[in-house]
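Worksheet: the structure to be examined is printed underneath.
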Amino acid sequence: EVQLVESGGALVQAGGSLRLSCVASGFTFDDYAIGWFRQAPGKEREGVSCISSSDGRTDYVDSVKGRFTISSDNAKNTVYLQMNSLKPEDTAAYYCVADRTLCGSSWYFVALQLGSWGQGTQVTVSS
């Protein structure tokens with residue numbers, strides 16, 4: 001059974017930083033790309049970033065490029081999302097998602113429909 005457990009969400013002031021963690025179990029880590037979606041109140045889920053565990057390929061949505069960095073520690077089956085220069089519009093529930101599709105623009109569409117999801121962690125950025 002695929003399990004994804006997120007942690008690291010918190011309340012932070014604008015301009016601050018947070019690091020989210022996603023610990024994966026129940027599947028072969030290298031066979032999957034893992035990424036993050038977020039959902040703000042009243043809005044649709046939005047793909048944020050992904051990383052292919054096999055080759056380290058990464059992708060980011062334009063709104064977080066230059067501020068967020070995704071990485072993975074394959075020995076720990078863990079993916080991290082380092083978020084710097086946080087803005088109030090980054091406020092959302094952040095979900096870790098795993099799917100076999102290689103990380104790239106297609107991953108977000110497939111993962112949204114068919115991926116395995118964690119329970120989410122809340123990030124709140126105050127102005």
Side-chain angles (χ1 to χ4, degrees):
E1 179 187 2
V2 173
Q3 281 198 318
L4 302 165
V5 180
E6 305 99 328
S7 62
L11 171 63
V12 64
Q13 288 189 331
S17 298
L18 283 175
R19 188 177 79 159
L20 305 183
S21 299
C22 172
V23 179
S25 62
F27 61 95
T28 302
F29 194 73
D30 287 355
D31 289 346
Y32 283 70
I34 297 177
W36 296 88
F37 281 75
R38 63 186 180 185
Q39 187 169 24
K43 295 189 176 181
E44 294 185 351
R45 288 184 175 181
E46 175 191 33
V48 176
S49 180
C50 62
I51 184 167
S52 288
S53 304
S54 58
D55 62 6
R57 183 184 316 185
T58 61
D59 191 80
Y60 300 90
V61 67
D62 285 347
S63 60
V64 308
K65 284 181 180 177
R67 300 189 298 123
F68 290 11
T69 302
I70 193 169
S71 62
S72 68
D73 185 336
N74 289 18
K76 296 182 179 180
N77 282 9
T78 300
V79 170
Y80 304 98
L81 186 68
Q82 177 66 44
M83 305 186 296
N84 298 329
S85 302
L86 282 162
K87 305 175 181 180
E89 51 263 43
D90 294 318
T91 294
Y94 282 71
Y95 297 90
C96 178
V97 186
D99 190 84
R100 290 180 177 270
T101 305
L102 287 175
C103 173
S105 57
S106 298
W107 182 88
Y108 303 101
F109 176 79
V110 177
L112 181 63
Q113 307 294 327
L114 301 175
S116 297
W117 290 65
Q119 83 288 351
T121 187
Q122 180 67 36
V123 173
T124 303
V125 184
S126 62
S127 57

Same cluster for L102 and V61 if Ile/Leu/Val/Met/Phe/Trp/Tyr side chains link at under 4.5 Å? no
Identify the two heavy atoms, one from L81 and one from S49, that lie closest to each other, and give their separation to 0.1 Å. CD1-CB, 4.3 Å
Looking only at heavy atoms, which two atoms of A40 and A92 are closest? And how far apart? N-CB, 3.8 Å
Is there a path from V64 to V12 through hydrophobic residues (I, L, V, M, F, W, Y) whose side chains come within less than 4.5 Å of each other? yes
Could you give me the CA-CA distance, side-chain angles and deciding distance for Y32 and T101, then say whether side-chain contact (heavy atoms from CB on, under 4.5 Å) is met? CA-CA 7 Å; Y32 283 70; T101 305; over 6 Å; no
Determine whether V5 and V79 fall in the same hydrophobic cluster, where Ile, Leu, Val, Met, Phe, Trp and Tyr are linked whenever their side-chain heavy atoms lie under 4.5 Å apart. no
Indicate yes or no for a side-chain donor-acceptor contact from S52 to the backbone of C103 under 3.5 Å, with no hydrogens or angles considered. yes
Validation row: S63, K87 side chains within 4.5 angstrom (heavy atoms): no
Non-hydrogen side-chain atoms of M83 and Y94 separated by less than 4.5 Å: yes
Are F37 and W107 close enough that their ring centres sit under 6.0 Å apart? yes
Taking atom CZ of R38 and atom CG of D90, what is their separation to the nearest 0.5 Å? 5.0 Å
For Q113 versus F109, what's the shortest heavy-atom pair and its separation? CG-O, 3.2 Å
L114 and D99, any side-chain heavy atoms less than 4.5 Å apart: yes
Report yes if the side chains of L18 and V123 come closer than 4.5 Å at any heavy-atom pair, otherwise no. yes
Would you confirm whether the ring centroid of W36 sits within less than 6.0 angstrom of the ring centroid of F68? no
At what distance, to the nearest 0.5 angstrom, does OG of S54 lie from CZ of F29? 10.5 Å
Note, T121 side chain near Y95 side chain (heavy atom, < 4.5 Å): no
With rounding to the nearest 0.5 Å, note down the distance linking OG in S17 to CZ in R67. 10.5 Å
Minimum heavy-atom distance D55-R57, with the two atoms named: OD1-N, 3.0 Å
Find out whether F27 and L4 are in side-chain contact, i.e. whether some heavy atom of one side chain is under 4.5 Å from a heavy atom of the other. yes
Side-chain touch C50/T58, heavy atoms, less than 4.5 angstrom: no
Answer yes when K65 and D62 have at least one side-chain N-carboxylate O distance shorter than 4.0 Å, and no when they do not. yes
side-chain contact (heavy atoms from CB on, under 4.5 Å) with I51: which of I70, D59, T69? I70
Report yes or no: do N74 and S53 form a side-chain donor-acceptor pair below 3.5 Å? no
Ignoring hydrogens and geometry, is there a side-chain-to-backbone donor-acceptor pair from Q3 to S25 under 3.5 Å? no
N/O donor-acceptor pair under 3.5 Å between R19 side chain and Q82 backbone: no
For Q13, I'd like to know if atom CD has over 12 heavy atoms of other residues, nucleotides or ligands within 6.0 Å. no
Establish, from distance only, whether the side-chain atoms of Q39 and R45 form a donor-acceptor pair under 3.5 Å. yes
Supply the atom-to-atom distance S116 OG to I34 CD1, rounded to the nearest 0.5 angstrom. 10.0 Å
